[in-house]
Amino acid sequence: ATYAVVTTTVPAGTAITGEITVQSAGQAYAPDVVGLTGGNVVVVWTDWDGLDGSSYGIYAQVFDATGTPVGNQFLVNENTDSVQDNPTVTALANGGFAIAFDSTSSAYSGYTTIAVQHYDAMGNRIDGEQRVSEGFQVYQNQPDSATLANGDTIIVWQDTSGRDGSGNGVFQRIVGDPANYAAAANDPRITLAQTAVTFAEADLNMAPRLLLPGVDVGDADSANFDG
């Protein structure tokens with residue numbers, strides 16, 4: 001079973017509850033926990049008892065500050081076939097939370113990939129399961145997550161399929177509002193003065209030709225493209 005201790009940090013370090021059994025059914029391991037902005041706590045874990053109907057699945061439970069369950073434990077992964085494992089949870093600024101995990105569902109071609117699911121403070125799903133990592137025929141696992149100052153979520157994971165060019169690598173992706181990353185007004189530019197170039201076949205056979213002679217490259221706020 002998975003257990004959690006809900007505590008308040010005081011000078012003496014005194015626990016204010018005893019041990020609390022988190023899951024109400026199944027066999028659980030690999031827990032993660034986070035405190036929410038409204039005072040609740042959410043615990044997430046992997047169930048290996050087949051509660052989701054197919055092997056391993058991700059479950060979560062919300063508790064209030066006294067350790068009392070808020071609602072029932074709930075299934076996180078929408079794609080329930082095969083294995084979902086290694087959950088990580090982070091609190092969001094709006095009071096909700098995001099849970100990321102790795103999945104070998106057939107929805108991802110049966111290879112291990114990283115997915116995320118968002119919830120409100122009461123554990124109600126607010127969007128669908130979203131794939132985070134890219135690529136097919138890859139093996140991505142062991143995610144971790146954090147919430148950025150602007151409210152977006154950053155998710156990191158291990159990739160063991162050599163996508164970094166040499167064995168294992170660590171990748172990341174930010175999930176959130178694209179408006180937080182609007183392009184700067186003075187980004188570097190490339191201007192093409194010509195959109196088409198035509199050569200006679202005899203000229204091409206004679207020697208190499210310059211395809212785009214009228215290219216303007218500049219950066220309004222830097223003389224050397226450094227910023």
Side-chain angles (χ1 to χ4, degrees), residues 1-7 19-36 40-63 67-92 96-135 138-147 153-161 168 170-173 175:
T2 296
Y3 296 91
V5 178
V6 180
T7 65
E19 286 189 344
I20 300 169
T21 303
V22 173
Q23 88 281 3
S24 57
Q27 301 292 327
Y29 77 103
D32 196 17
V33 61
V34 71
L36 304 180
N40 287 345
V41 174
V42 60
V43 183
V44 60
W45 66 91
T46 299
D47 171 78
W48 55 272
D49 206 25
L51 286 183
D52 71 346
S54 176
S55 188
Y56 293 25
I58 308 301
Y59 282 81
Q61 175 70 62
V62 178
F63 295 87
T68 301
V70 177
N72 299 316
Q73 74 176 39
F74 54 90
L75 177 65
V76 174
N77 50 291
E78 289 185 335
N79 298 306
T80 58
D81 63 299
S82 194
V83 173
Q84 289 77 39
D85 203 356
N86 300 309
T88 173
V89 59
T90 185
L92 303 178
F97 52 94
I99 299 173
F101 53 93
D102 55 56
S103 175
T104 56
S105 168
S106 60
Y108 309 123
S109 299
Y111 292 87
T112 310
T113 192
I114 308 300
V116 67
Q117 178 74 67
H118 291 82
Y119 294 87
D120 66 18
M122 302 302 292
N124 299 307
R125 183 176 290 161
I126 59 176
D127 61 7
E129 180 178 317
Q130 177 183 356
R131 182 175 183 173
V132 177
S133 55
E134 296 181 346
V138 293
Y139 296 94
Q140 299 150 334
N141 52 34
Q142 300 291 336
D144 199 3
S145 59
T147 300
T153 303
I154 183 169
I155 301 170
V156 299
W157 64 89
Q158 172 184 258
D159 185 298
T160 61
S161 54
N168 294 3
V170 175
F171 292 78
Q172 69 172 20
R173 170 161 277 180
V175 179

Does Val175 reach the side chain of Ile155, with side-chain heavy atoms less than 4.5 Å apart?
yes
Considering only heavy atoms from C-beta outward, does the side chain of Val42 approach that of Val34 to under 4.5 Å?
yes
Salt bridge (charged side-chain N to carboxylate O under 4.0 Å, His left out) contacts touching residues 46-60 (sequence neighbours left out):
none
What pair of heavy atoms forms the shortest contact from Ser103 to Gln84, and how long is it?
OG-NE2, 3.2 Å
Taking all non-hydrogen atoms of both residues into account, name the closest pair between Ala91 and Gly35 and its distance.
CB-O, 3.4 Å
Does Tyr111 have any side-chain contact (heavy atoms from CB on, under 4.5 Å) partners at least two apart in sequence or in another chain, and if so, which?
Ser109, Gln137, Tyr139
Closest approach of Trp45 and Ala28, non-hydrogen atoms and distance?
CD1-CB, 3.1 Å
Just to verify, what does Asn168 make a side chain to side chain donor-acceptor pair (under 3.5 Å) with, not counting sequence neighbours?
none
Salt bridge (Lys or Arg N to Asp or Glu O under 4.0 Å) partners of Arg173, counting only residues at least two apart:
Glu134
Could I get the full list of side chain to side chain donor-acceptor pair (under 3.5 Å) partners for Asp127, not counting sequence neighbours?
Gln117, His118
Where do Trp157 and Ser133 land on the side chain to side chain contact (heavy atoms under 4.5 Å, CB included) test, with the steps shown first?
CA-CA 9 Å; Trp157 64 89; Ser133 55; 3.4 Å; yes
Specify the closest pair of heavy atoms between Ala121 and Asn40, including all atoms of both residues, with the distance to one decimal.
O-ND2, 4.0 Å
Residues that Asp85 engages under side chain to side chain donor-acceptor pair (under 3.5 Å), provided they are two or more places apart
Tyr29, Thr46
Report the residues that fulfil side-chain contact (heavy atoms from CB on, under 4.5 Å) with Asp81, sequence neighbours left out, ordered by chain and then residue number.
Ser54, Asn79, Ser105, Ser106
Would you say the side chain of Thr112 lies within less than 4.5 Å of the side chain of Thr160, judging by non-hydrogen atoms?
no
So how far is it from Ile114 CD1 to Gln158 CD, rounded to the nearest 0.5 Å?
9.5 Å
In Val76, Val62, Leu36, the residue satisfying side chain to side chain contact (heavy atoms under 4.5 Å, CB included) with Tyr119 is Val76
Interatomic spacing from OG1 in Thr104 to OH in Tyr56 - rounded to 0.5 Å:
11.0 Å
Here the pair of heavy atoms bringing Asn77 nearest to Ile58 is OD1-N, 2.8 Å
Taking only residues two or more places apart in sequence, or in another chain, which ones meet Ser145 in a side chain to side chain donor-acceptor pair (under 3.5 Å)?
Thr88
What distance separates Phe74 CZ from Gln61 CD, expressed to the nearest 0.5 Å?
7.5 Å
Taking side-chain contact (heavy atoms from CB on, under 4.5 Å) as the test, write out the residues that go with Val138, two or more places apart.
Gln140, Asp159, Ser161, Arg163
Sequence neighbours left out, what passes side-chain contact (heavy atoms from CB on, under 4.5 Å) with Ala115? Give chain and number order.
Phe101, Tyr108, Glu129
Which residue pairs pass the salt bridge (charged side-chain N to carboxylate O under 4.0 Å, His left out) test with at least one member in residues 69-78, sequence neighbours excluded?
Glu78-Arg125
Residues which pass salt bridge (Lys or Arg N to Asp or Glu O under 4.0 Å) with Asp102, listed by chain and number, not counting sequence neighbours:
none
Yes or no on side chain to side chain contact (heavy atoms under 4.5 Å, CB included) for Thr80 and Leu75, after CA distance, side-chain angles and deciding distance?
CA-CA 9 Å; Thr80 58; Leu75 177 65; 3.9 Å; yes
What are the two closest heavy atoms between Pro87 and Val44, and how far apart are they?
CB-CG2, 3.5 Å
Taken to the nearest 0.5 Å, the spacing of Gln23 CD from Tyr59 OH works out to 11.5 Å
